[in-house]
Amino acid sequence: MKKRLFLSAPHMSGNELKYIEKVFESNYIAPLGEYVNRFEESIKGYTGVSNALAVSSGTAALHLALRVLGIEKGDDVLASTFTFIGSVNAILYQGANPVFIDSDEASWNLSPKLLEAYMQRCEKKPKALILTHLYGMSADIEKIAQLCRQHNIYLIEDAAESLGATFNGRHTGTFGDFGVYSFNGNKILTTSGGGMLVTPNKAWRDKALFYATQAKEPFLHYEHTEYGYNYRMSNVLAAIGVAQMEVIEERVAKKRQIFEWYKKHLNNVGEIRFMPELPQSRGNRWLTALTFERTNYMTIVDTLETINVESRPLWKPMHLQPLFKDAKAIVDGTSEQLFAKGLCVASSTTMTEEDVRMICDTIKENLE
Ligand SMILES: *Cc1c(COP(=O)(O)O)cnc(C)c1O
């Protein structure tokens, strides 16, 4: 059997084991230690954000953001409907109510128009927005950040998939009150599992650290006036993160190259459209995403599976999930249409042009 081509397989830089060995030599296996600091420093240096906190997952980082901002039971929190469930689970952890906003055609990400229209007419004012930069492509973030400031709602950017993506030269994740990156196994970089919370506000970073480490008051005997979580990242995993950060720009370049190969080898297929990239932005093209006007994409998924190539439908919008059947949603059919027609294709950075050409040939042979 041919080696499987995954959507986005882990891709080591070569220094990971060396750094893990250093961790073992120091015996700082347990949480904290030098590599946690170094990992936070490398994210700060790369994205330009002033405060970073390494945690156990992207989901944990989102939860900490909501907790620090004081989101609580009964609050409304706006969120992109076209996203992965990890974006919005933390809203439920806080007992708050998600209010989903649809995408627009220009970005496939949250529509600033729908957001503005809702903010002008809503009776209950939302406390925050969790905005996803889907598939590593920047949303119309300047406009969205401006609307959040104007209406006085907190902005949390879910940049779990978009490390390395920029808008007007500024990194996604650094426009809001908080930004979140994920280092789960399939993301552009991985620590096997992990996340990073970033913020321009040092006091918020300190508060997030407090909640992430069981809300210990500064006494030797363990004093508690609030409850917290065990969300900190281990030094062993941070060592992997430091090695991965050394190749972030290479990975972005390769993901973008893979996208260009798909575009080249599918360019004569009229019914295919690719996820757009806003003109002021640079996406990381984490997964190449496309839609078919006529062909049922399940035919393509099944055929690719026979040659051991992974592909998947686009994320099913949150407002269509049974879990959220009673949630408020401001939608106009855009993400529902994308979900009906769209597919993510194998985009691992270890792939060659020959791999992409073979996948494209298979797609072309199976069009309806
Ligand atoms: C992966 C992902 C998350 C969750 O990150 P974890 O590190 O897996 O908890 C959240 N939002 C989006 C959009 C994601 O893709």
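Just so you know, ligand 1 is whichever comes first in the structure, and atom 1 is the first atom listed for that ligand.
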If you scan protein heavy atoms around atom 15 (O) of ligand 1, the nearest is E161 OE2, 2.6 Å
Answer yes or no: does an N/O atom from G58 fall short of 3.5 Å to an N/O atom of ligand 1?
-> yes
Hey, are the side chains of D177 and T199 touching, using non-hydrogen atoms and a 4.5 Å cut-off?
-> no
Atoms of ligand 1, numbered as shown, that sit under 4.0 Å from any heavy atom of A160 | 2 (C), 3 (C), 10 (C), 11 (N), 12 (C), 14 (C)
Picking from W286, Y135, W315, what satisfies ring-ring contact (aromatic ring centres under 6.0 Å, His included) with F84?
-> W315
Applying a strict 4.0 Å limit to heavy atoms, is G195 in contact with ligand 1?
-> no
How far is atom 8 (O) of ligand 1 from its nearest protein heavy atom, and which residue and atom is that?
-> N184 ND2, 3.3 Å
Lys NZ or Arg CZ of R205 over F210 ring: under 6.0 Å, within 45° | no
Among protein heavy atoms, which sits nearest to atom 9 (O) of ligand 1, and what does the distance come to when rounded to 0.1 Å?
-> T59 OG1, 2.5 Å
Residue, atom and distance of the protein heavy atom nearest atom 11 (N) of ligand 1 read D158 OD2, 2.7 Å
Where ligand 1 meets T83 - atom numbers and elements under 4.0 angstrom, heavy-atom basis | 13 (C)
Looking only at protein heavy atoms, what sits closest to atom 2 (C) of ligand 1 is K187 NZ, 2.8 Å
Does the N or O separation between T132 and ligand 1 drop below 3.5 Å for any pair?
-> no
Please walk me through it: do T172 and H133 pass side-chain hydrogen bond (donor to acceptor under 3.5 Å, both in side chains)?
-> CA-CA 8 Å; T172 56; H133 299 284; 4.8 Å; no
Could you tell me which atoms of ligand 1, counted from 1 in the order shown, lie closer than 4.0 angstrom to a heavy atom of G194?
-> 7 (O)
Salt bridge present between E226 and K207 (N-O < 4.0 angstrom) = yes
Going by distance alone, is a donor N or O of one side chain under 3.5 Å from an acceptor N or O of the other, for S8 and K255?
-> yes
Please test E249 against Y46 for side-chain hydrogen bond (donor to acceptor under 3.5 Å, both in side chains), starting from the C-alpha separation and ending with a verdict.
-> CA-CA 10 Å; E249 278 298 310; Y46 178 66; 2.6 Å; yes
Atoms in ligand 1 flagged as close to S57, the criterion being non-hydrogen separation under 4.0 Å = 7 (O), 9 (O)
To the nearest 0.1 Å, how far is atom 5 (O) of ligand 1 from its closest protein heavy atom, and which atom is that?
-> S182 OG, 3.3 Å
V301 and E310, any side-chain heavy atoms less than 4.5 Å apart | no
R312 NZ/CZ over Y297 ring centroid, <6.0 Å and within 45° of normal = no
